[in-house]
Amino acid sequence: MLVALPYILIASICSSSAADGGPGWLHLIVLWACWNALKFILMGPVSVVLLIRARLREAAVRRHQRHDSRVEASLPEPALRL
């Protein structure tokens, strides 16, 4: 989410330059910078939620594997027939 800060800075600089009589195409750069800043700001919390979900799934798989290995260890070994 901190990657959005340079985009906000670019938007601020271009916006003030356009307001002070700069070329009108600076407004396009302002829109581009704002759009990219919003994408980074929104994807921060979304990626945290996705990471938490993946970690919980991994923990459940590890727990299941540990349980299975305990069950296998508690089973008696079959007798060998000669």
Side-chain angles (χ1 to χ4, degrees):
M1 289 179 11
L2 293 176
V3 178
L5 290 177
Y7 286 109
I8 293 171
L9 180 64
I10 290 169
S12 174
I13 291 170
C14 290
S15 176
S16 63
S17 295
D20 291 339
W25 56 265
L26 286 175
H27 292 292
L28 293 175
I29 295 176
V30 171
L31 288 173
W32 169 78
C34 288
W35 175 251
N36 282 334
L38 284 173
K39 287 191 297 187
F40 280 110
I41 289 170
L42 291 175
M43 280 310 293
V46 169
S47 63
V48 169
V49 168
L50 292 175
L51 178 64
I52 290 171
R53 274 185 24 192
R55 296 294 176 154
L56 290 174
R57 234 181 281 130
E58 290 170 359
V61 167
R62 277 194 306 271
R63 196 176 325 111
H64 184 68
Q65 288 173 344
R66 232 183 350 231
H67 176 71
D68 287 348
S69 66
R70 279 192 223 143
V71 169
E72 287 176 4
S74 66
L75 291 176
E77 290 290 325
L80 294 176
R81 293 185 185 177
L82 297 174

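Just so you know, residue 1 is the first one in the sequence shown, and it goes up from there.
Every residue two or more places apart in sequence or in another chain that forms a side chain to side chain donor-acceptor pair (under 3.5 Å) with His64 is listed here: Asp68. Contacts of Ala54 classified as side-chain contact (heavy atoms from CB on, under 4.5 Å), with partners at least two apart in sequence or in another chain: none. A search for side-chain contact (heavy atoms from CB on, under 4.5 Å) contacts involving Ile8 returns Ala37, Ile41, not counting sequence neighbours. Contacts of Trp35 classified as ring pair (Phe, Tyr, Trp, His ring centres under 6.0 Å), with partners at least two apart in sequence or in another chain: none.
Applying the under-4.5 Å side-chain rule to Ile, Leu, Val, Met, Phe, Trp and Tyr, the cluster around Leu5 extends to Leu2. With a 4.5 Å cut-off between side-chain heavy atoms of Ile, Leu, Val, Met, Phe, Trp and Tyr, the cluster of Leu50 takes in Met43, Val46.
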Please list, one pair per line, the donor and acceptor atoms closer than 3.5 Å that link side chains of residues 10-20 to other protein atoms, with sequence neighbours excluded.
residue: Ser16; atom: OG; partner: Ser12; partner atom: O; Å: 3.2
residue: Ser16; atom: OG; partner: Ile13; partner atom: O; Å: 2.9
residue: Ser17; atom: OG; partner: Ile13; partner atom: O; Å: 3.0

In a table with atom names and distances, give each donor-acceptor pair under 3.5 Å that connects a side chain of residues 55-63 to protein atoms at least two apart or in another chain.
none

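When all heavy atoms are compared, the tightest approach of Ser47 to Gly44 is OG-O, 2.8 Å. In terms of heavy atoms, Met1 sits closest to Pro45 at SD-CD, 3.5 Å.
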Next item on the list: Please lay out, stage by stage, how Leu26 and Ile29 fare under the test side chain to side chain contact (heavy atoms under 4.5 Å, CB included).
Entry: CA-CA 5 Å; Leu26 286 175; Ile29 295 176; 4.2 Å; yes
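The stretch residues 10-34 participates, sequence neighbours left out, in these ring-ring contact (aromatic ring centres under 6.0 Å, His included) pairs: Tyr7-Trp32.
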